[in-house]
> 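This structure is in structure tokens; I'll ask about it shortly.
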Amino acid sequence: MRIGVLTSGGDAPGMNATIRAVVRAGIANGDTVFGIYDGYRGLIEGKIQEFTRKDVSEILNKGGTILGTARLPEFKYEQVRTLAIRQLQKNDIEALICIGGDGTYTGALRLHEMGIKTIGIPGTIDNDIASSDFTIGFSTALNTACDAIDKLRDTSSSHQRCSIIEVMGRHCGDLALYSGICCGAEYIITNDTGFNKDELLANLKANRLAGRRHAIVVISENITDVHQLAKEVEIYSGYECRATILGYIQRGGTPTPEDRLLAARLGKYAVDLLHEGITGVAVGVIKNELHYTPIDKALAMTNEPNVELHKLIEKIS
Ligand code: F6P
């Protein structure tokens with residue numbers, strides 16, 4: 001087969017390991033594999049290059065994506081996708097493996113509807129693709145967030161402060177939930193927990209009065225203005241308070257072994273599925289087993305809150 005591979009949307013650690021797995025599994029099968037630069041934007045611009053095994057050596061442990069990535073909202077227009085299809089036809093590429101999040105999946109679905117064989121691989125730090133228990137990049141971002149929160153705890157404790165730490169995840173609370181648990185945060189606020197400001201302020205005040213030296217609040221992005229919240233905590237709780245937005249640091253860095261392993265498994269699986277004639281699907285792991293789901297279904301699935309972890313934080317935060 002002649003297979004293209006691209007990365008699209010926000011970059012995630014482990015994307016390179018995924019590209020490597022796709023290229024190497026394809027070549028081992030006798031396929032010709034093409035790297036497509038800069039996501040769907042690069043595809044319509046014809047930024048396409050045949051990859052050898054050597055082209056993907058020394059990238060397994062590197063963050064970012066050697067292919068580059070982009071967001072292309074215009075890909076929703078059929079005329080734009082037609083340009084993409086022309087480039088694929090020009091290079092005789094019959095199948096496309098698209099690594100990214102839900103925007104990437106939507107692009108892959110539309111191309112599939114237009115007759116291109118596509119497979120989606122979940123590559124995003126947000127862990128917000130419900131057709132896979134974990135996405136490539138989540139483990140590394142979680143490690144980065146935990147490292148930062150541990151450091152913030154040191155200074156919070158020394159100064160007897162409250163620290164509010166905003167982590168990424170777009171609308172998914174997993175990075176906040178997991179990092180909050182792993183770092184012993186006193187409060188974890190996500191779309192799933194809900195945000196009751198009055199309750200938080202009252203609890204922090206009670207903690208302060210009870211003599212607790214510091215408090216860690218981990219909160220998902222897109223919930224509230226954390227700097228404003230820090231001011232209110234200072235006024236109402238008795239704690240000095242500082243807010244830290246971890247930001248893009250969570251998207252970079254050397255992928256963890258978990259992300260590399262997931263990348264290797266899903267990259268090879270995607271190539272295998274193409275050879276079995278299965279396309280228009282998103283691959284993932286469910287209960288640590290490889291699974292595929294039609295992309296339209298994958299996009300319609302919602303991330304259910306993790307009941308066990310939510311019960312756990314009620315007891316031990
Ligand atoms: O999807 C990954 C992510 O980092 C989200 O966590 C965040 O909301 C978003 O991308 C930021 O997007 P951009 O890179 O376009 O600013």
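No experiment lies behind these values; they were computed from the predicted model shown. Heavy atoms only: backbone and side chains are in, while hydrogens, waters and symmetry mates are out.
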> Tabulate below the donor-acceptor pairs under 3.5 Å that side-chain atoms of residues 153-168 make, not counting sequence neighbours, or state none.
from: R153; atom 1: NH1; to: H214; atom 2: NE2; distance (Å): 2.7
from: R153; atom 1: NH2; to: C183; atom 2: O; distance (Å): 2.8
from: R153; atom 1: NH2; to: G184; atom 2: O; distance (Å): 2.9
from: S156; atom 1: OG; to: L152; atom 2: O; distance (Å): 2.9
from: S156; atom 1: OG; to: S163; atom 2: OG; distance (Å): 3.0
from: S158; atom 1: OG; to: D154; atom 2: O; distance (Å): 2.9
from: Q160; atom 1: OE1; to: R208; atom 2: NH1; distance (Å): 3.4
from: Q160; atom 1: OE1; to: R208; atom 2: NH2; distance (Å): 3.4
from: R161; atom 1: NE; to: E240; atom 2: OE1; distance (Å): 2.6
from: R161; atom 1: NH2; to: E240; atom 2: OE1; distance (Å): 3.2

> Side chains of L175 and Q250, heavy atoms from C-beta outward: is any pair under 4.5 Å?
yes
> Can you sort out the partners of F51 under ring-ring contact (aromatic ring centres under 6.0 Å, His included), two or more places apart, ordered by chain and number?
none
> Would T144 and D147 satisfy side chain to side chain donor-acceptor pair (under 3.5 Å), going step by step from the backbone distance to the final call?
CA-CA 5 Å; T144 303; D147 184 48; over 6 Å; no
> I'd like to know if Y105 and I116 are part of one continuous hydrophobic network [Ile/Leu/Val/Met/Phe/Trp/Tyr, side-chain heavy atoms within less than 4.5 Å].
no
> Treat each ILVMFWY residue as a node, draw an edge where side-chain heavy atoms are under 4.5 Å apart, and state whether V23 and L96 are in one component.
no
> Consider only side-chain N and O atoms of N207 and Y187, and report whether a donor and an acceptor are under 3.5 Å apart.
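Side-chain D/A pair, N207 to Y187: present.
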> Tell me whether L142 is reachable from V218 by hopping between hydrophobic residues (I, L, V, M, F, W, Y) whose side-chain heavy atoms are closer than 4.5 Å.
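Looking at the clustering, L142 is in the same group as V218.
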> What's the spacing between L109 CG and T104 OG1 if we round to 0.5 Å?
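Between atom CG of L109 and atom OG1 of T104 there are 12.5 Å.
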> Does one hydrophobic cluster hold both L290 and L274, with members joined at side-chain heavy-atom distances below 4.5 Å?
yes
> With side chains defined as the heavy atoms from C-beta onward, is the minimum distance between T69 and D38 less than 4.5 Å?
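Answer no - side chains too far apart.
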> Please check if the side chain of T7 supplies one atom and the backbone of G68 the other of a donor-acceptor pair under 3.5 Å.
yes
> In residues 25-36, what donor-acceptor pairs under 3.5 Å come from side-chain atoms, sequence neighbours left out?
from: D31; atom 1: OD1; to: M1; atom 2: N; distance (Å): 2.9
from: D31; atom 1: OD1; to: H275; atom 2: NE2; distance (Å): 3.0
from: D31; atom 1: OD2; to: H275; atom 2: NE2; distance (Å): 2.7

> Between E289 and K287, is there a side-chain N and carboxylate O pair less than 4.0 Å apart?
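No, this pair does not count.
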> In terms of relative ring orientation, are F75 and Y40 parallel, tilted or perpendicular, with 30° and 60° separating the classes?
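Judged by the thresholds at 30° and 60°, the geometry between F75 and Y40 is parallel.
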> Could you tell me whether the side chain of E186 reaches within less than 4.5 Å of the side chain of R212, counting heavy atoms only?
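The answer is yes; the side chains approach within 4.5 Å.
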> Determine whether L246 and F138 fall in the same hydrophobic cluster, where Ile, Leu, Val, Met, Phe, Trp and Tyr are linked whenever their side-chain heavy atoms lie under 4.5 Å apart.
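Yes; F138 is reachable from L246 via cluster members.
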> Under a plain distance cut-off of 3.5 Å, with no hydrogens placed, do N288 and R265 share a side-chain donor-acceptor pair?
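The answer is yes; a qualifying pair exists.
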> Are S131 and T293 close enough, and set up right, to give a side chain to side chain donor-acceptor pair (under 3.5 Å), and what steps lead you there?
CA-CA 7 Å; S131 53; T293 310; 4.6 Å; no
> With a cut-off of 6.0 Å (strictly less than), are more than 12 heavy atoms of other residues, nucleotides or ligands near CD of E78?
no
> Judged by modelled atom types alone, do Q49 and Y37 share a side-chain donor-acceptor pair under 3.5 Å?
yes
> Answer yes or no: is there a side-chain heavy-atom contact under 4.5 Å between V56 and R24?
yes
> Determine whether the side chains of T140 and D259 contain a donor N or O and an acceptor N or O closer than 3.5 Å.
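Looking only at side-chain atoms, D259 and T140 do form a donor-acceptor pair, the distance falling under 3.5 Å.
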> Can you find a heavy atom in the side chain of D192 that is under 4.5 Å from one in the side chain of H310?
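Touching, per the 4.5 Å side-chain cut-off.
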> Would one find more than 12 heavy atoms of other residues, nucleotides or ligands at under 6.0 Å from atom CD of E50?
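It does: E50 CD has more than 12 such atoms within range.
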> Mark yes or no for whether D126, through its side chain, and D128, through its backbone, hold a donor-acceptor pair below 3.5 Å.
no
> Output yes when E234 and K231 qualify as a salt bridge under the 4.0 Å nitrogen-oxygen rule, no when they do not.
no
> Give a yes or no on this: more than 12 heavy atoms of other residues, nucleotides or ligands lie within 6.0 Å of atom OH of Y236.
no
> How about I286: does its CD1 atom have over 12 heavy atoms from other parts shown lying under 6.0 Å from it?
yes
> Do the non-hydrogen side-chain atoms of I121 and V22 ever get within less than 4.5 Å of each other?
yes
> Might you point out which heavy atoms bring I44 and Q87 nearest each other, and give the distance in Å?
O-NE2, 3.5 Å
> With a 4.5 Å heavy-atom cut-off, do I188 and I181 have their side chains touching?
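Contact flag for I188/I181 side chains = yes.
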> Are L6 and I99 side-chain neighbours, meaning at least one heavy-atom pair lies under 4.5 Å?
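L6 does not reach I99 side chain to side chain.
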> In terms of side-chain geometry, is the basic nitrogen of E221 or R170 positioned less than 4.0 Å from the acidic oxygen of its partner?
no
